[in-house]
Amino acid sequence: LFVQRARAASAELTRAQDEISQHRGAGRGHITVGLSTTPQMALLPSVIDPFMRRYPEVKLTVVEALGFRSVEAQMRAGTVDAYIGVAPTAKLSTEYQMETLFQNQRAVIARAGHPLAHAKSLRELTDANWIVSSGNDADASVSALFRRHRLKVPTRHTYVGSVLGQIVFLLSSDSLRIAPRQFVEFTPFKDHLVRIPVREEIDAPAVVMIRRAALPLTPAAEHFCDLIRRASVSSQAPAPVRARA
């Protein structure tokens, strides 16, 4: 318990030194941010260059955050400055403050040229192989979706834990994936992955920013978060077009 408190205190002293240095114009220090897959694709590309031009001497560390809980301990210890990613399902404690960056959408994703690329309903996709990241994910994002629309639940799943592995499966097979729309909008993938235009709506959690409520960020970390906010404006999901009855 003492070591945990000491590490948090040491991290705050380091952050205070960085803050003073940056206010004096030296621009040195370091920041660490946790980003989930969606903001890495949608926001980070337009943030990197302006941040590094403004703070060339600041060491920026980006860690992959598979949800807020994966970095919560580091945030509490003061080693992660902010989390940018999908909104947590559980209520946050008062030691954190959360702001919504944008509402997102998910879609059924497949490789370009997939034989089911023009399917209009989930009903046509029940016999496909679905890529999921875990056993729980299979039930939450695939089975529950089909049950909600009173359709036959797919039985073929391939478990792939990493985002890179999921992309490899999508590009190399006829497997399908329920994923954020950014998968097909991200420049390196947009000519290789397509969104299957099913009529059923697929809910998606909002993308949020979480930081500690009691302690301010350093100027460099605040600037990074402000750049993220600006980038999120252009990442707003368009309103879904509803078919007339």
Side-chain angles (χ1 to χ4, degrees), residues 36-43 45 66-67 85-89 100-208 231-245:
S36 68
T37 303
T38 295
Q40 285 189 49
M41 291 181 177
L43 307 179
L66 301 177
V86 295
T89 54
T100 300
L101 296 175
F102 61 90
Q103 300 295 328
N104 207 15
Q105 293 176 353
R106 291 190 297 174
V108 179
I109 306 298
R111 65 172 177 83
H114 193 287
L116 297 172
H118 301 291
K120 302 300 182 183
S121 172
L122 291 173
R123 188 182 302 276
E124 302 173 57
L125 308 178
T126 56
D127 294 327
N129 182 64
W130 291 83
I131 299 170
V132 293
S133 58
S134 70
N136 291 334
D137 184 57
D139 185 64
S141 65
V142 178
S143 301
L145 173 65
F146 278 77
R147 290 192 188 101
R148 185 162 65 249
H149 293 285
R150 299 180 181 179
L151 298 173
K152 174 187 173 184
V153 175
T155 58
R156 298 175 58 205
H157 300 117
T158 298
Y159 302 104
V160 184
S162 71
V163 174
L164 177 59
Q166 293 166 16
I167 293 170
V168 169
F169 263 86
L170 284 171
L171 295 174
S172 308
S173 71
D174 286 340
S175 299
L176 304 178
R177 175 80 166 108
I178 294 175
R181 62 186 175 85
Q182 286 78 15
F183 270 61
V184 295
E185 297 172 357
F186 190 45
T187 300
F189 303 149
K190 66 180 182 180
D191 293 329
H192 305 284
L193 296 175
V194 297
R195 178 175 185 166
I196 297 181
V198 296
R199 66 175 63 94
E200 293 86 359
E201 291 185 22
I202 305 176
D203 296 332
V207 174
V208 302
S232 68
V233 173
S234 60
S235 296
Q236 297 289 338
V241 177
R242 301 182 183 277
R244 295 182 178 178

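Below, all heavy atoms of this structure are taken into account, side chains as well, without hydrogens, waters or symmetry copies.
- We find the CZ-CG distance between Arg150 and Leu122 to be 15.0 Å, quoted to the nearest 0.5 Å.
- Residues in residues 110-126 take part in these side-chain hydrogen bond (donor to acceptor under 3.5 Å, both in side chains) pairs, two or more places apart or across chains: Arg111-Asp174, Ser121-Glu200.
- In this structure the side chain of Val168 never reaches within 4.5 angstrom of the side chain of Val160, judged on heavy atoms.
- Nearest heavy atoms, Gly165 versus Ser162: N-OG, 2.9 Å.
- In this structure, the side chains of Thr37 and Gln182 stay at 4.5 Å or more apart for every pair of heavy atoms.
- Leu170 and Ser175 get closest at one heavy-atom pair: CD2-O, 3.6 Å.
- The side-chain heavy atoms of Asn129 and Ser173, taken from C-beta on, include no pair separated by under 4.5 Å.
- Between Phe189 and Phe186, the two ring planes are perpendicular [angle over 60°; tilted spans 30° to 60°].
- Among all heavy-atom pairs drawn from Thr100 and Ala206, the shortest one is CG2-CB, 4.0 Å.
- The minimum heavy-atom distance between Thr38 and Phe102, with the atom names listed, is CG2-CZ, 4.2 Å.
- Summarising the geometry, atom OG1 belonging to Thr158 is positioned 11.0 Å from atom CD belonging to Gln166; distances are rounded to the nearest 0.5 Å.
- Arg177 places a side-chain heavy atom less than 4.5 Å from the side chain of Ser133.
- Remark: side-chain polar atoms of Arg156 are not paired, donor with acceptor, to backbone N or O of Ala128 under 3.5 angstrom.
- Only one option out of Ile196, Val194, Leu116, Leu145 pairs with Val108 in a side-chain contact (heavy atoms from CB on, under 4.5 Å); it is Ile196.
- With a 4.5 Å cut-off on side-chain heavy atoms, Leu43 and Ser232 count as touching.
- Nearest heavy atom pair, residue Ala110 against residue Leu176, reads CB-CD2, 3.5 Å.
- Between the CD atom in Glu185 and the CG atom in Leu193 there is a gap of 12.0 Å [rounded to 0.5 Å].
- Residues Ile109 and Ile131 are not in side-chain contact: their nearest non-hydrogen atoms beyond the backbone lie 4.5 Å or more apart.
- In plain terms, the two heavy atoms of Arg106 and Arg195 that are nearest each other are O-NH2, 4.0 Å.
- With values rounded to the nearest 0.5 angstrom, Ile202 atom CD1 is found 5.0 Å from Ile178 atom CD1.
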